[in-house]
Amino acid sequence: MNEIFQAKVLLTLYKNLQGAIRENEKKVLKCAGRGFYTHGADDTMKLYEKIIEMNSEKIKLLNLKVLIDKALHLMLKEDVRFIVLRFFKGMKFIDIGNVFNVSLRQVFRLYDRATESFKNQLRYLKYTPERIEEEFGDIPLYRETAFRLSNKYGILD
């Protein structure tokens, strides 16, 4: 996966991370609420394994959130502001131009600069595309977001 595309995937999924973490917690509680010793030893072990797997995914989601937060914290405030408006609030480029009081052409330059800066901060934090794929590539939210963006923009792996 190309680095800039991967950066856009991370920025796009960020706004859904907190919800995914909460959803994971609900599933764990629902699973744990079924009662452990009412179904026999085999079923109890399967239930434990399922809860451990769900908690492992939650840890990955939390680690991904921390990584993105760290990268954003290292960036220029103007670049972060752009990212917040575009990726987290979903504003259109024309509306961002009005906020920044710049032309549409300048908005695209700001977009390129902000996503490039985010990509560079990931690298600074020693998160190469390969490492990101290795650590977070099996998270459903990551895979779904990458798939959705690749279809939207016609980007192939």
Side-chain angles (χ1 to χ4, degrees), residues 1-29 31 48-157:
M1 181 181 300
N2 133 356
E3 281 183 274
I4 288 291
F5 178 70
Q6 190 177 54
K8 291 175 185 178
V9 168
L10 294 179
L11 291 169
T12 301
L13 69 77
Y14 183 81
K15 67 181 173 186
N16 298 318
L17 268 175
Q18 204 60 43
I21 292 165
R22 276 194 303 274
E23 208 41 53
N24 178 284
E25 290 169 345
K26 287 178 187 176
K27 288 179 185 176
V28 169
L29 289 173
C31 200
Y48 277 136
E49 289 168 1
K50 186 174 182 180
I51 290 171
I52 289 168
E53 185 180 307
M54 286 187 284
N55 280 328
S56 176
E57 182 178 323
K58 178 184 173 185
I59 290 168
K60 288 180 182 183
L61 289 167
L62 289 168
N63 287 340
L64 183 56
K65 184 178 182 325
V66 168
L67 171 64
I68 296 169
D69 286 339
K70 281 182 182 179
L72 291 171
H73 183 72
L74 294 169
M75 293 171 58
L76 295 173
K77 288 184 183 192
E78 185 178 74
D79 290 343
V80 173
R81 185 173 174 219
F82 186 94
I83 283 172
V84 167
L85 294 174
R86 178 67 186 148
F87 289 96
F88 306 161
K89 293 189 177 184
M91 286 180 70
K92 296 179 180 180
F93 288 112
I94 192 78
D95 297 328
I96 294 172
N98 292 333
V99 169
F100 280 92
N101 198 28
V102 296
S103 69
L104 192 55
R105 184 177 181 147
Q106 185 61 24
V107 170
F108 288 117
R109 286 189 189 118
L110 292 172
Y111 175 73
D112 289 341
R113 186 182 80 189
T115 53
E116 183 73 23
S117 175
F118 181 73
K119 176 198 77 147
N120 290 338
Q121 298 315 319
L122 291 173
R123 278 227 171 241
Y124 175 78
L125 293 168
K126 309 253 186 285
Y127 275 84
T128 62
E130 296 78 24
R131 182 173 178 194
I132 291 169
E133 274 298 319
E134 182 181 312
E135 289 190 30
F136 307 115
D138 63 339
I139 298 173
L141 179 62
Y142 178 85
R143 287 194 321 266
E144 291 162 9
T145 304
F147 179 75
R148 194 175 75 248
L149 288 180
S150 67
N151 285 337
K152 182 176 181 179
Y153 298 111
I155 298 171
L156 304 173
D157 284 339

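Model, not experiment: these values are computed from the prediction. Position 1 is the first residue of the sequence; numbering continues from there.
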Exercise. For Arg113 and Arg109, what are the C-alpha separation, side-chain angles and deciding distance, and is it a side-chain contact (heavy atoms from CB on, under 4.5 Å)?
Worked result: CA-CA 6 Å; Arg113 186 182 80 189; Arg109 286 189 189 118; over 6 Å; no
Exercise. Are Asp69 and Tyr14 close enough that some pair of their side-chain heavy atoms sits under 4.5 Å apart?
Worked result: yes
Exercise. Can you tell if the side chain of Asp138 reaches within under 4.5 Å of the side chain of Lys60, non-hydrogen atoms only?
Worked result: yes
For this session: Tell me, with the steps shown, if Ile68 and Leu17 meet side-chain contact (heavy atoms from CB on, under 4.5 Å).
Result: CA-CA 10 Å; Ile68 296 169; Leu17 268 175; 4.1 Å; yes
Problem set entry | Residue Lys70 excluded, over 12 heavy atoms near NZ under 6.0 Å | no
Exercise. Should Lys119 and Glu116 be marked as a salt bridge (charged side-chain N to carboxylate O under 4.0 Å, His left out) after you check the CA-CA gap, both sets of side-chain angles, and the distance that decides it?
Worked result: CA-CA 5 Å; Lys119 176 198 77 147; Glu116 183 73 23; 2.9 Å; yes
Exercise. How long is the gap from CD on Glu3 to OH on Tyr127, to the nearest 0.5 Å?
Worked result: 15.0 Å
Exercise. Would you find more than 12 non-hydrogen atoms of other residues, nucleotides or ligands less than 6.0 Å from Phe88 atom CZ?
Worked result: yes
For this session: Would you check if Glu135 and Asn63 make a side-chain contact, meaning some heavy-atom pair closer than 4.5 Å?
Result: no
Exercise. Between Phe108 and Phe93, how do the two ring planes meet: parallel, tilted or perpendicular, split at 30° and 60°?
Worked result: tilted
Problem set entry | Residue pair Lys8 / Phe87, side-chain heavy-atom distance below 4.5 Å | yes
Exercise. Does any N or O in the side chain of Thr145 come within less than 3.5 Å of the main-chain N or O of Leu141, such that one atom is a donor and the other an acceptor?
Worked result: yes
For this session: Enter the distance from Leu62:CG to Gln18:CD here, rounded to the nearest 0.5 Å.
Result: 8.0 Å
Problem set entry | Minimum side-chain heavy-atom gap Leu64-Leu10 below 4.5 Å | yes
Problem set entry | Residue that, paired with Leu72, satisfies side-chain contact (heavy atoms from CB on, under 4.5 Å) out of Leu67, Val84, Leu11 | Leu11
Exercise. Do Arg86's NZ or CZ and the ring of Phe82 fall within the cation-pi criteria of under 6.0 Å and 45°?
Worked result: no
For this session: Could you pull out the closest heavy-atom pair between Asp79 and Ala114, with the gap in Å?
Result: O-CB, 3.8 Å
Problem set entry | Derivation of the side-chain contact (heavy atoms from CB on, under 4.5 Å) call for Arg81 and Val99 | CA-CA 10 Å; Arg81 185 173 174 219; Val99 169; 3.1 Å; yes
Problem set entry | Nearest heavy-atom neighbours spanning Leu104 and Ile94 | CD1-N, 4.0 Å
Exercise. Quick one: salt bridge (charged side-chain N to carboxylate O under 4.0 Å, His left out) partners of Asp112, sequence neighbours excluded?
Worked result: none
Exercise. Do Met54 and Lys50 pass the side-chain contact (heavy atoms from CB on, under 4.5 Å) test, and can you show the C-alpha distance, the side-chain angles, and the key distance before you say yes or no?
Worked result: CA-CA 6 Å; Met54 286 187 284; Lys50 186 174 182 180; 3.9 Å; yes
Problem set entry | Reported CD1-to-CG distance for the pair Ile21 and Asn16, which is rounded to 0.5 angstrom | 11.0 Å
Problem set entry | Under the side chain to side chain donor-acceptor pair (under 3.5 Å) test, residues paired with Gln121 that sit two or more places apart | none
For this session: Might you point out which heavy atoms bring Ala146 and Phe5 nearest each other, and give the distance in Å?
Result: O-CZ, 3.5 Å
Exercise. Shortest non-hydrogen contact from Cys31 to Ile51?
Worked result: SG-CG1, 3.9 Å
For this session: Looking only at non-hydrogen atoms, find the nearest pair between Ala71 and Leu125 and report the distance.
Result: N-CD1, 3.7 Å
Problem set entry | Distance, nearest 0.5 Å, that separates OG of Ser56 from CG of Asn24 | 9.5 Å
For this session: Nearest 0.5 Å please: distance from the OH atom of Tyr111 over to the CD1 atom of Ile83.
Result: 9.5 Å
For this session: Just jot down the side chain to side chain donor-acceptor pair (under 3.5 Å) partners of Glu23, sequence neighbours excluded, or say none.
Result: none
For this session: To the nearest 0.5 Å, tell me how far Arg143 CZ sits from Glu133 CD.
Result: 10.0 Å
